[in-house]
Amino acid sequence: IKYLVDTRKNLRVYDDQIRLLLKEISILRSSNSFKKIVRVTTNHLSYHPQEINILYARAMAYESLKEIRAMELDLLKILEIDKKNTNTLNALGYSLTIHTDRYDDASAYVTEAYSHDPGNAAIIDSMSWFLYKQGNYSEALKYSKVAYMKDKDPEIVEHHCKILLKNSLFDEFEEVLQNIKNSGNY
């Protein structure tokens with residue numbers, strides 16, 4: 001990290017500085033140093049308050065620290081800059097789904113993201129998850145199946161399995177588990 005910080009200070013091209021800052025954030029994230037991420041990003045944002053990637057990184061650090069209101073404020077700042085930012089819309093909707101009971105707000109953000117990028121597996125998974133959290137298991141299953149077919153990300157697989165169980169689809173659940181076991185990703 002010290003090397004990245006020292007090198008970044010000597011770079012003249014702003015985009016190169018951002019790349020190194022994002023690498024530093026990635027290293028901090030891998031060691032769960034979320035408070036350090038907040039400090040580093042806040043410092044940068046004091047000079048460049050509209051830097052979307054840095055706002056997003058800080059928002060995700062806040063989420064990891066369970067500071068959901070701070071996370072939401074950063075994500076909303078991004079949406080002020082880029083109202084169609086599907087990654088941010090999805091992150092905000094999904095985070096509200098898992099950390100709050102504000103399912104109507106979550107639904108609005110995820111639905112907006114879905115309208116801009118309907119083939120995105122992460123967004124489709126978020127659609128399934130807020131439906132699941134609302135108790136609409138059969139509708140959640142429709143989205144969950146599509147997300148699972150598109151991407152075997154562990155979180156998508158976990159959501160799909162929970163939704164299968166809520167719909168009493170035990171054979172399909174066993175099939176997913178067998179596929180995971182056969183793939184060696186367990």
Side-chain angles (χ1 to χ4, degrees), residues 15 18-19 21-23 25-26 28-30 34 37-38 41-42 44-45 48-167 176 185:
D15 288 345
I18 291 296
R19 274 192 277 284
L21 178 56
L22 290 171
K23 185 62 180 169
I25 291 166
S26 176
L28 291 170
R29 179 168 282 288
S30 69
F34 304 115
I37 293 172
V38 169
T41 54
T42 299
H44 183 83
L45 290 166
H48 307 279
Q50 298 210 354
E51 183 61 53
I52 288 175
N53 291 327
I54 305 306
L55 277 166
Y56 189 84
R58 185 172 72 177
M60 295 301 96
Y62 278 138
E63 180 185 30
S64 296
L65 293 168
K66 306 292 188 231
E67 295 182 30
I68 304 309
R69 184 63 185 148
M71 174 213 68
E72 183 178 6
L73 290 173
D74 276 352
L75 294 176
L76 289 172
K77 283 179 195 171
I78 294 170
L79 293 175
E80 287 174 12
I81 298 164
D82 178 6
K83 68 180 180 178
K84 292 183 180 182
N85 187 310
T86 57
N87 191 41
T88 300
L89 288 163
N90 186 53
L92 183 52
Y94 180 72
S95 295
L96 291 176
T97 298
I98 62 173
H99 296 295
T100 74
D101 60 358
R102 293 172 46 201
Y103 301 129
D104 289 341
D105 291 337
S107 172
Y109 290 120
V110 174
T111 301
E112 180 71 16
Y114 183 76
S115 74
H116 299 299
D117 191 2
N120 184 310
I123 295 170
I124 296 167
D125 177 62
S126 295
M127 294 281 288
S128 75
W129 203 240
F130 77 72
L131 290 164
Y132 171 86
K133 294 294 263 182
Q134 290 178 313
N136 191 344
Y137 306 127
S138 61
E139 195 65 21
L141 180 63
K142 294 175 187 175
Y143 288 98
S144 178
K145 282 184 176 186
V146 173
Y148 175 74
M149 285 189 307
K150 288 179 152 291
D151 191 341
K152 303 300 187 271
D153 174 85
E155 193 168 25
I156 290 174
V157 173
E158 179 185 355
H159 290 166
H160 186 56
C161 286
K162 288 180 178 181
I163 292 168
L164 287 171
L165 290 174
K166 281 293 185 179
N167 282 283
V176 170
N185 294 329

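These figures come from a predicted structure and were not determined experimentally.
- Screening residues 106-115 for side-chain hydrogen bond (donor to acceptor under 3.5 Å, both in side chains), with sequence neighbours left out, gives E112-H116.
- Looking at every heavy atom in both residues, L75 comes nearest to A91 through CD1-C, 4.2 Å.
- Remark: M71 CE to S64 OG distance equals 10.5 Å, nearest 0.5 Å.
- Environment of NZ in K166: sparse, with no more than 12 heavy atoms of neighbouring residues, nucleotides or ligands closer than 6.0 Å.
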Given K77 and R58, is the side chain to side chain contact (heavy atoms under 4.5 Å, CB included) satisfied, shown in steps? CA-CA 12 Å; K77 283 179 195 171; R58 185 172 72 177; 3.7 Å; yes
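- Under the 3.5 Å distance criterion, the side-chain polar atoms of S26 are left unmatched by any main-chain donor or acceptor of L22.
- The shortest non-hydrogen separation linking S126 to N90 is OG-OD1, 2.8 Å.
- Residues L164 and V176 form a side-chain contact, since some pair of their non-hydrogen atoms from C-beta on lies under 4.5 Å apart.
- Each of I25, N85, I78 was checked for a side chain to side chain contact (heavy atoms under 4.5 Å, CB included) with Y56, and the lone residue meeting it is I78.
- Smallest separation of non-hydrogen atoms from A61 and R29: N-NH2, 3.4 Å.
- Looking at Y94 and E155, their side chains do bring a donor and an acceptor atom within 3.5 Å of each other.
- Side-chain contact between D125 and D153 is absent, with no heavy atoms from C-beta onward closer than 4.5 Å.
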Report the C-alpha separation of I98 and E63 in whole Å, then their side-chain angles, then the decisive distance to 0.1 Å, and conclude whether the side chain to side chain contact (heavy atoms under 4.5 Å, CB included) test is met. CA-CA 11 Å; I98 62 173; E63 180 185 30; 3.9 Å; yes
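- Put simply, the side chain of T41 gets close to the backbone of V38: a donor and an acceptor are under 3.5 Å apart.
- Judged by the 6.0 Å distance and 45° axis criteria, K150 is not positioned over the aromatic ring of Y148.
- By the 4.0 Å N-to-carboxylate-O rule, E139 lies close enough to K142 to be salt-bridged with it.
- For the pair E80/Q50, no side-chain contact is recorded, criterion being any heavy-atom separation below 4.5 Å from C-beta on.
- Side-chain atoms of N167 come within 3.5 Å of backbone N or O of I163 as a donor-acceptor pair.
- With hydrogens and angles disregarded, no donor-acceptor distance shorter than 3.5 Å links the side chain of S144 to the backbone of L141.
- Between the T100 side chain and the L96 main chain, a donor and an acceptor come within less than 3.5 Å of each other.
- You'll find the side chain of I54 reaches within 4.5 Å of the side chain of L21, heavy atoms only.
- A121 approaches A147 most closely through the heavy-atom pair O-CB, 3.7 Å.
- Within the 4.5 Å cutoff, the side chain of D104 has heavy atoms near those of the Q134 side chain.
- Here the straight-line distance linking atom CG of N87 with atom CD1 of I123 works out to 8.0 Å at 0.5 Å rounding.
- In this view, Y132 and W129, Y137 satisfy the ring-ring contact (aromatic ring centres under 6.0 Å, His included) rule, not counting sequence neighbours.
- If you take CE on M60 and CG on L55, they are separated by 11.0 Å, rounding to the nearest 0.5 Å.
- A106 and G93 make their closest contact through CB-O, 3.2 Å (heavy atoms, listed as atom of the first residue, atom of the second, distance).
- A heavy-atom distance below 4.5 Å is not found between the side chains of T42 and H44.
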Stepwise side chain to side chain contact (heavy atoms under 4.5 Å, CB included) test for Y62 and I68: CA-CA 7 Å; Y62 278 138; I68 304 309; over 6 Å; no
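- The salt bridge (Lys or Arg N to Asp or Glu O under 4.0 Å) search around D105 returns R102, not counting sequence neighbours.
- Distance check, rounded to the nearest 0.5 Å: CG of D151 to NE2 of H160 gives 12.5 Å.
- With values rounded to the nearest 0.5 angstrom, R69 atom CZ is found 14.5 Å from H99 atom NE2.
- When every heavy atom of L89 is checked against every heavy atom of K83, the shortest pair comes out as CD1-O, 3.8 Å.
- At least one side-chain heavy atom of C161 sits less than 4.5 Å from a side-chain heavy atom of V157.
- Here the straight-line distance linking atom CG of D74 with atom CD1 of I52 works out to 12.0 Å at 0.5 Å rounding.
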